[in-house]
Amino acid sequence: MAITSSLDSNQNITKNPKNTKNIITEKKQQISEKKFEIGLRPESFSDFIGQETLLNNLKVFISGAKKRGEPLSHMLLSGPPGLGKTTLSGIIAHEMGGNLRITSGPALEKSGDLAALLTSLKDNDILFIDEIHRLKKPLEEMLYSAMEDFVIDLIVGKGAGAKSMRLSLPAFTLIGATTKLGSIAGPLRDRFGNIAKFQFYEESEMQEIVERTAKILKIDIASSASKKISLASRSTPRISNRIVRQLRDFAHSENQEIINDDTCKIGFAALGIDNLGLDEHDREYLRLIVETFNNNPVGISTLCAAYSEEKETIEEIIEPYLLQKGLLLRTSQGRIVTEAGKLVLL
Ligand SMILES: Nc1ncnc2c1ncn2[C@@H]1O[C@H](COP(=O)(O)OP(=O)(O)OP(=O)(O)O)[C@@H](O)[C@H]1O
Ligand SMILES: [Mg+2]
């Protein structure tokens, strides 16, 4: 399977020009180390840990499509960054015997860019569009007929002499990835035969992922250490991969061939890694609710103003992990910090 990308790795970073803290960019940069990630990417279903329901359904859809000799239905994958959306798309391409072509919503400027990409596909290829919620409207509209009827209509020429030309496309599968399911327009969303949501990984799954990474990186790891790393990784494989790699350096600098509790202690302290995977943005956010608003339920627009951050950043980047850890509650009246959340501020 060939994997081609029309993305420079940095283009994948969501830019947030308004704010000075630019949390999205910072968090993505912190956890995005594309080159290093490639070697750790699971290449088959058997290597892919967790997301059981999603995977089980997907296997059924793939086997059905293969039996009928049809392309797999278009898929929309949603979920926070670093949980395996791109990785899974590679596995799907492999299973379907096609190539994976990678691009992203912001990287596609003109209708011609998308048309060129679509017409260069072959049967069974997977076109992966990351951040599909950021696709421009005319391009999104081009996808409607491409997805439904495998055709696109292009306008050739200008003014009175302009003509519409219909082009047929191969039987491809579109995989759209998004961290913002709610921002996908209805007509586009409805054209996906399968909408799958990535969940944060369970602690035991994270531990398995940590141990797999250590094995690939050829470093032994004590099970107490893999547990500590899995707890500090925000339930996100990309983060645990980075921590294992960094701790391997700490172990080697002590002439050790194993990551153990001591390596974690020294490494976590040196790298500022929190045992629960929280960073200063998380604490600042929780503290704002507890201290400025006396932990009375506070609405999202008030929080955006008080935290000088966009709604999207708060809802898509900061809150999901705090909610998952039970540190924050979203009630109908607003956000409040839980007792567990207050404890992490002590
Ligand atoms: N289920 C998994 N099992 C093992 N490793 C995984 C799994 N999911 C992800 N990884 C690891 O995490 C890294 C990040 O995954 P990936 O790039 O697919 O995330 P993503 O959801 O596409 O992120 P983004 O939204 O930022 O594009 C991969 O390189 C891979 O090594
Ligand atoms: Mg990705």
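Residues take their numbers from the sequence shown, with the count starting at 1. Not measured: the values here are computed from a predicted model. FYI, side chains are in, hydrogens and waters are out, and symmetry mates aren't considered; it's all heavy atoms of this structure. Both ligands and their constituent atoms are indexed starting at 1 by order of listing.
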Whether Tyr285 and Tyr307 hold their rings parallel, tilted or perpendicular, with breakpoints at 30° and 60°: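 Perpendicular.
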Asp153 and Ser164: side chain donor to acceptor below 3.5 Å: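 No, no side-chain donor-acceptor contact under 3.5 Å.
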Taking 4.0 angstrom as the limit and counting only heavy atoms of [X], give me the atoms of ligand 1 inside it, by number and element.
X: Asp130; value: 27 (O)
X: Tyr201; value: 1 (N), 2 (C), 7 (C), 8 (N)
X: Leu40; value: 31 (O)

Please work out which of [options] has its closest non-hydrogen atom nearest to [atom].
atom: atom 9 (C) of ligand 1; options: Pro42, Gly84, Gly79; answer: Gly84
atom: atom 3 (N) of ligand 1; options: Thr236, Ile49, Asn241; answer: Ile49
atom: atom 28 (C) of ligand 1; options: Thr87, Ile239, Thr86; answer: Thr87

Donor-acceptor contact present, side-chain Lys265 to main-chain Asn260, <3.5 Å: no
Side-chain donor or acceptor of Arg335 paired with backbone N/O of Pro297 under 3.5 Å: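 Not a single qualifying donor-acceptor pair exists.
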CD (Glu70) with more than 12 external heavy atoms under 6.0 Å: yes
Option from Glu208, Glu211, Glu203 for which salt bridge (charged side-chain N to carboxylate O under 4.0 Å, His left out) with Lys227 holds: Glu203
Thr87 near the Mg ion (ligand 2) via N/O/S, less than 2.8 Å: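 Thr87 does not place any N, O or S atom closer than 2.8 Å to the Mg ion (ligand 2).
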Gly50 near ligand 1 by a heavy-atom separation under 4.0 Å: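 Checking ligand 1 against Gly50, which is what was asked, there is no heavy-atom contact under 4.0 Å.
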